[in-house]
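A quick write-up on the structure given underneath.
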Amino acid sequence: MLYGHQTWVFPAKPTVLSAATVVGPFEARGPLAEEFDIIHGDLWLGQDSYEKAEKKMMEEACEIAVQKAGLQKQDIQFFLGGDLLNQIISSSFAARTLAVPYLGLFGACSTSMEGLALASLLIDSHSAQYVLCGTASHNTAVEKQFRYPTEYGSQKPPTAQWTVTGAGTALLGPDGQGPKVTAATIGRVVDMGLSDPFNMGAAMAPAAVDTITAHFRDLRIAPDEYDLIATGDLGRVGHEIAKDLLTKHDLSIPEKIFTDCGLLIYSQDQPVMAGGSGCGCSAVVTYGHIFNQMKKGKFKKVLIIATGALLSPLSYQQKESIPCIAHAVSLEYDS
């Protein structure tokens, strides 16, 4: 059901029946390590390429989510997945293994909430009984595609962010125990003319603010409706810019409830420059840490705004600016 200009409200409140998270060794050194289902001790996962390792993480996250829900693969009507690699190969190859009807998505790092919003729409409209959605990123595979092979050891500026090695999936159904998806606000593409791929937080912050303001405008609610409002991967630079822009929009979000998944996933002493990023960042933090906190009763209602930079290596080489997007999903949990 469309509310306002760009927000869906889901009267049936689709339920996240299960979620799964898989991360790499660097994420295991962060403060959220105990929140993840599988932690791998090396980046290769027994594969002969980092791209195959990313695909393996996605396959594992899908398998765990289905097992947790007590379902079989054949019970799933649709799998919605996406990642950062060319032609979203990790998601498509994982879908080959999963062997269920598949819709590939590309929203860069906003894919986690893009998938969750669309999965909720399918459930709410009775177009499916069970839908699995997920995304993944792998630090070295993504760095190689978008910047330089890590073996070069090239220095990065303080505004750069560290791509998360991780995969997160959520399995939704019409009812049951788990977080309920109540609404989703679909973002517009916002491009403020920035072209520095080492400053994604600054590029994505205006898109995050555009979607956040649209969410509250469409639903006619205030930020204090939520116990937690978390952006996807703005990092330290983008988070500060977002706070400034929200103030200029006369939208004040209390400091204690406003955070960013890219700030939560790593410790202060890890060398991640401005924080975490990548498709897996908001996915593993939301489906691991935030869902666990909701189940423990710390948060009853949260808003997750996953942010994505829609550039490609080709557009960067052609000196294009970076178009960005953000999608917001509202979740509630009644214990």
Side-chain angles (χ1 to χ4, degrees), residues 15-43 45 53-71 76 79-84 90-91 94 97-98 109-116 119 131-139 141-142 162-172 178-179 181 228 230 232-233 259-267 270 272 275-296 298-299 302 304 306 329 331 333:
T15 304
V16 181
L17 298 173
S18 64
T21 52
V22 180
V23 300
F26 198 65
E27 290 66 32
R29 292 164 49 193
L32 308 184
E34 294 184 359
E35 312 270 17
F36 304 129
D37 293 298
I38 292 180
I39 294 175
H40 285 283
D42 69 76
L43 290 170
L45 279 70
E54 181 175 299
K55 183 259 301 180
K56 182 71 174 177
M57 288 193 300
M58 181 73 105
E59 290 174 340
E60 290 175 336
C62 290
E63 185 174 346
I64 295 168
V66 173
Q67 287 177 354
K68 281 185 175 180
L71 298 172
I76 312 301
F79 170 51
L80 313 181
D83 54 82
L84 292 173
S90 298
S91 302
T97 303
L98 197 61
C109 306
S110 71
T111 302
S112 61
M113 291 304 110
E114 180 181 0
L116 191 60
V131 180
L132 181 65
C133 60
T135 187
S137 56
H138 189 293
N139 180 273
V142 170
W162 184 277
T163 302
V164 166
T165 297
T169 57
L171 201 164
L172 287 83
V181 183
L228 181 77
D233 58 344
T259 189
D260 181 78
C261 297
L263 297 176
L264 296 174
I265 191 166
Y266 296 122
S267 303
Q270 289 182 272
V272 296
S277 69
C279 275
C281 183
S282 60
V284 300
V285 173
T286 301
Y287 298 152
H289 171 64
I290 293 175
F291 277 13
N292 286 340
Q293 296 300 306
M294 295 181 82
K295 292 171 183 175
K296 291 176 181 176
K298 183 173 182 180
F299 306 133
V302 304
I304 309 298
V329 173
L331 296 128
Y333 189 85

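In what follows, residues are counted from 1 in the order of the sequence shown.
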Check whether any side-chain heavy atom of [X] lies under 4.5 Å from a side-chain heavy atom of [Y], and answer yes or no.
X	Y	result
T135	E114	no
T286	C261	yes
I38	V23	no
L98	E59	no

Which atom names give the shortest non-hydrogen contact between [X] and [Y], and what distance separates them?
X	Y	value
A20	A61	CB-O, 3.2 Å
L331	P179	CD2-CB, 4.2 Å
D37	A19	OD2-O, 3.8 Å
G168	V284	N-CG1, 4.2 Å
I290	A230	CD1-CB, 4.3 Å
V285	L264	CG1-CD1, 4.0 Å

* Sole candidate of S277, C281, C279, C109 that passes side-chain contact (heavy atoms from CB on, under 4.5 Å) when paired with V164 ->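 Per the side-chain contact (heavy atoms from CB on, under 4.5 Å) rule, the option paired with V164 is C281, out of S277, C281, C279, C109.
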
* Could you point out which residue of L116, I76, L132, L17 forms a side-chain contact (heavy atoms from CB on, under 4.5 Å) with L172? =>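 Single pass found, and it is L116.
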
* To do: Could you tell me whether a side-chain N or O of N139 sits under 3.5 Å from a main-chain N or O of T163, the two making a donor and an acceptor?
  =>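 Yes.
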
* To do: Flag the pair D83 and K55 as a salt bridge only when some basic side-chain nitrogen lies within less than 4.0 angstrom of an acidic carboxylate oxygen.
  =>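 Salt bridge flag = no for K55 with D83.
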
How long is the straight-line distance from [atom2] of [Y] back to [atom1] of [X], given to the nearest 0.5 Å?
X	Y	atom1	atom2	result
L32	E27	CG	CD	10.0 Å
I304	Y287	CD1	OH	9.5 Å
F299	Q293	CZ	CD	5.5 Å
L171	T15	CG	OG1	11.0 Å
Q270	I265	CD	CD1	9.0 Å

* Steps toward side-chain contact (heavy atoms from CB on, under 4.5 Å) verdict (M57, T165) -> CA-CA 9 Å; M57 288 193 300; T165 297; 3.8 Å; yes

* Decide yes or no on side-chain contact (heavy atoms from CB on, under 4.5 Å) for M58 and S91, but give the supporting numbers first. => CA-CA 7 Å; M58 181 73 105; S91 302; 3.3 Å; yes

Between [X] and [Y], is any side-chain donor less than 3.5 angstrom from a side-chain acceptor?
X	Y	result
H40	E60	yes
S112	S282	yes
H289	E35	yes

* Who pairs with K56 by salt bridge (Lys or Arg N to Asp or Glu O under 4.0 Å), at least two apart in sequence or on another chain? ->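 Partners of K56 under the salt bridge (Lys or Arg N to Asp or Glu O under 4.0 Å) test: none.
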
* To do: Determine, step by step, whether T21 and T169 satisfy the side-chain contact (heavy atoms from CB on, under 4.5 Å) criterion, reporting the C-alpha distance in whole Å, the side-chain angles of both residues, the deciding distance to 0.1 Å, and the verdict.
  => CA-CA 7 Å; T21 52; T169 57; over 6 Å; no

* Are the aromatic rings of Y266 and F26 close, with centres under 6.0 Å apart? ->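 Centroid separation for Y266 and F26: below 6.0 Å.
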
